[in-house]
Protein chains: 2
Amino acid sequence: MTTKRVTLADVARRAGLSSSAASMILNGRPDTRLSQDAHDRVNRAAAELGYRPNVAARSLRVDKTQTIGFISDTVATTRFASGLIKGALAAAEQAEHVILLAETGGDPVREAEAIAALLDRQVDGIVFATMRSREVEVPTLPGNTRVVLLNAISDSPSISVLPDEERGGRAAVSLLADAGHREGIVLLGHNEVTERDLFRSTTVARRLAGIRAEMQDRGLTFMSEQSVWDWVPNNGYALVDALLAEGTVPRALLCLNDPLAFGAYQALTEHGYRVPDDVSIVSFDNDEIASYLRPGLTTIALPHEEMGARAVELLLDGSARGEHLVQMPVVVRDSIRQG
Amino acid sequence: MTTKRVTLADVARRAGLSSSAASMILNGRPDTRLSQDAHDRVNRAAAELGYRPNVAARSLRVDKTQTIGFISDTVATTRFASGLIKGALAAAEQAEHVILLAETGGDPVREAEAIAALLDRQVDGIVFATMRSREVEVPTLPGNTRVVLLNAISDSPSISVLPDEERGGRAAVSLLADAGHREGIVLLGHNEVTERDLFRSTTVARRLAGIRAEMQDRGLTFMSEQSVWDWVPNNGYALVDALLAEGTVPRALLCLNDPLAFGAYQALTEHGYRVPDDVSIVSFDNDEIASYLRPGLTTIALPHEEMGARAVELLLDGSARGEHLVQMPVVVRDSIRQG
DNA sequence: GCTGAGTGCTGAATGGATTTAGCATTCATC
DNA sequence: GATGAATGCTAAATCCATTCAGCACTCAGC
């Protein structure tokens with residue numbers, strides 16, 4: 001049961017060589033003058049014994065742990081969060097790295113503790129992820145620790161990975177326009193505070209900027225803009241319900257996320273309107289619920305996994321700098337009237 | 001920028017003591033005879049320098065890394081997965097541990113690699129999580145590595161954490177019965193294969209066992225049992241749609257998970273029936289969608305986070321053995337007709 | 001046969017914390 | 001004032017892999 005771990009010394013002994021030699025051979029050092037025979041003996045011995053280097057010992061010497069810290073404000077709750085993590089895990093696995101996960105709940109104290117805990121374990125770099133993309137301060141880290149911001153930006157020069165919200169916003173408008181919608185388009189979820197500064201989220205500001213730019217380019221205007229702070233189904237329901245109650249019947253709804261669209265479906269159904277025959281809907285995120293809805297919701301997807309993977313790749317890249325945008329795929333389902 | 005890490009030797013030097021003394025003091029060794037003055041000096045020095053022990057160095061010596069491996073078949077996709085992780089993170093943080101995360105996608109090769117990668121980093125223990133609770137083989141690990149199964153069971157003696165499905169199943173039935181339902185109850189999602197062996201999931205078998213036991217205890221029988229393999233909204237919709245089309249109108253629906261219930265809502269609404277006035281619905285999981293639905297879906301929750309936390313606690317406990325059941329909270333919303 | 005270069009390998013130091021054995025003191029006791 | 005015990009601390013070994021300096025040997029060349 002209590003199998004002792006095989007050490008490099010064990011391998012060296014079995015190969016009849018010094019552990020220096022064994023180390024060099026196993027690490028594939030280029031400039032070494034060790035004989036082919038020595039290589040064979042060491043490799044065979046390592047294989048026979050099932051040798052695995054002790055990462056703690058190695059990282060004590062060289063300054064690499066093959067470990068990446070991933071600090072997130074939220075881990076559960078949204079599919080977005082776990083998608084980022086999943087992508088990061090995949091990329092890390094690819095590069096034979098491993099991920100140390102920490103959650104802060106947005107609390108600066110927990111964040112500081114998380115950073116300390118990760119640094120104690122000598123992570124090679126840290127990915128900072130936020131669920132609502134914000135401007136963050138990059139904490140000062142010891143020299144060689146690289147940082148990548150995931151779904152966040154910062155003033156200080158840094159690397160960040162973001163969804164390409166501007167193009168995403170344009171895509172949403174194009175979807176409606178190309179389907180022939182010119183009048184009666186309602187925007188759901190717009191928010192003045194958000195649009196003006198970075199308080200809540202940079203991505204939202206960019207999403208809206210893209211939407212407005214594309215509307216203008218196509219000479220379109222919104223029939224109405226329904227502002228709301230919290231993007232949950234209840235609010236989508238209430239907004240559309242009120243709209244319909246006062247007699248305003250949209251021909252198309254541009255919702256800023258899927259839960260809002262979800263609520264919109266409910267209100268429309270209750271009032272006897274049908275999607276997409278009476279009202280087309282397009283939104284953002286590609287939440288699980290987008291596929292649950294009947295008819296399926298056409299939406300501009302947040303590319304979680306790709307973003308997570310990208311962040312890790314950039315972290316390991318070494319030469320990466322600046323802002324990296326990841327395309328937002330258009331997921332076409334059946335919520336836009338065709339023709 | 002390139003700030004050198006403060007080492008124990010630095011602290012000792014500043015305190016005018018040997019690093020042995022500093023080590024003992026900082027670790028709070030009990031039998032030490034070091035003076036109060038020495039304690040003060042070391043503690044002050046450590047605080048002033050912001051000393052943090054190098055975990056790699058420590059774990060080389062003692063065989064603890066304060067790190068827990070968390071291996072899961074799935075990380076994203078379901079809220080369940082991320083809930084387990086969130087709970088585990090919280091418990092780990094509490095115990096000043098950190099979590100190394102790995103995903104296998106259910107692939108034995110990736111699982112083996114993940115285990116190796118974690119063992120290389122000397123994790124103190126491993127939590128094996130599966131999303132669909134199954135019987136798994138506990139891989140043989142070096143002596144001192146503890147393992148806890150999360151949402152999984154095994155033949156071999158082991159520790160596992162599971163939701164208390166049997167009581168959960170009983171609770172669902174009780175909810176309906178206590179609301180006065182005696183006739184016209186339909187079971188949605190029952191599946192013969194599942195119920196007979198452990199192929200798919202132990203928890204489902206137990207959930208059903210609880211349901212059947214409570215039905216029997218109360219002298220109730222199902223009006224109909226609708227079997228289905230894949231518990232997604234589309235199937236819930238199709239099943240209920242077919243039922244209504246053939247003229248069978250249930251008074252209450254017992255759905256085996258929330259997505260099925262979601263589909264049921266859709267079919268009922270389309271056919272002009274109202275929840276809960278015409279049909280009551282109760283289900284399992286407490287997915288996000290349960291609160292999105294109108295009226296809110298009453299459901300028996302999977303206690304993700306508590307399970308995740310429990311797993312880590314048991315891993316660290318040392319004396320824990322056997323199977324640990326976590327209560328499934330009843331989340332009452334508005335899908336059961338009261339009266 | 002001596003020198004210098006090249007070849008194949010090893011010894012010992014290193015990284016940072018823990019831990020055991022044990023060295024100086026001081027104090028109490030007879 | 002000699003002895004034994006208690007007190008307060010330190011030196012050195014240890015965990016394991018990496019890495020630099022350098023040893024011992026062979027071979028070519030003159």
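Quick note on labels: first sequence line is chain A, next is B, and so on, each numbered from 1.
The minimum heavy-atom distance between A:S158 and A:S154, with the atom names listed, is OG-CB, 3.9 Å.
At a cut-off of 3.5 angstrom, the base of D:dT19 holds at least one donor-acceptor pair with the side chain of A:S20.
Nearest to the side-chain atoms of A:S18 among the listed nucleotides C:dC9, C:dT10, D:dA17 stands C:dT10.
Across the protein-nucleic acid pair, A:K64 atom NZ and C:dG15 atom C1' stand 16 Å apart, rounded to whole Å. For the pair A:L8 CG and D:dT18 P, the interatomic distance rounds to 7 Å; values are reported in whole Å. The nearest whole Å value for the distance from the CG atom in A:D120 to the C1' atom in C:dG16 is 13 Å. Rounded to an integer number of Å, the gap from CZ of A:R61 to C1' of C:dG16 is 12 Å. For the pair B:R5 CZ and C:dA17 P, the computed distance is 8 Å after rounding to whole Å. Whole-Å rounding puts the A:L34 CG to C:dT7 C1' distance at 10 Å. Atom CG in B:N54 sits about 17 Å away from atom P in D:dA17, given to the nearest Å. Regarding B:H39, its NE2 atom lies at a distance of 11 Å from the P atom of D:dG8, rounded to whole Å.
Remark: B:Y51 is not in phosphate contact with C:dG16, judged by side-chain N or O atoms under 4.0 Å from OP1 or OP2. Checking the phosphate oxygens (OP1, OP2) of C:dC9, a side-chain nitrogen or oxygen of A:S35 falls inside 4.0 Å.
B:R146 places a side-chain N or O within 3.5 Å of a backbone atom of B:G318 that can act as its donor or acceptor partner. Checked by atom type and distance alone, the side chain of A:R121 never pairs as donor or acceptor with a backbone atom of A:T65 at under 3.5 Å. Not a single donor-acceptor pair under 3.5 Å links the side chain of A:N54 to the backbone N or O of B:L60. Remark: the backbone N or O of B:S23 is paired with a side-chain donor or acceptor of B:N27 at under 3.5 angstrom.
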Derivation and outcome, salt bridge (Lys or Arg N to Asp or Glu O under 4.0 Å), residues A:D120 and B:R5: CA-CA 10 Å; A:D120 290 350; B:R5 257 187 99 88; 3.2 Å; yes
Check against salt bridge (Lys or Arg N to Asp or Glu O under 4.0 Å), B:R44 and B:D40: CA-CA 6 Å; B:R44 184 155 13 93; B:D40 294 345; 6.0 Å; no
Intermediate values then yes/no, side chain to side chain donor-acceptor pair (under 3.5 Å), A:S319 and A:D317: CA-CA 6 Å; A:S319 65; A:D317 177 341; 2.9 Å; yes
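Map A:L60 and A:G16 each onto its nearest nucleotide of DNA chain C; the residue landing nearer the 5' end is A:G16.
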Anything under 3.5 Å between a protein N or O and an N or O of nucleotides 22-26 of chain C, put it in a table, one pair a line.
none

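The 12-atom threshold is not exceeded at CD of A:Q94, counting heavy atoms of other residues, nucleotides or ligands nearer than 6.0 Å.
Against DNA chain C, the stretch residues 21-29 of chain B makes heavy-atom approaches under 4.0 Å through B:S23, B:M24, B:N27, B:R29.
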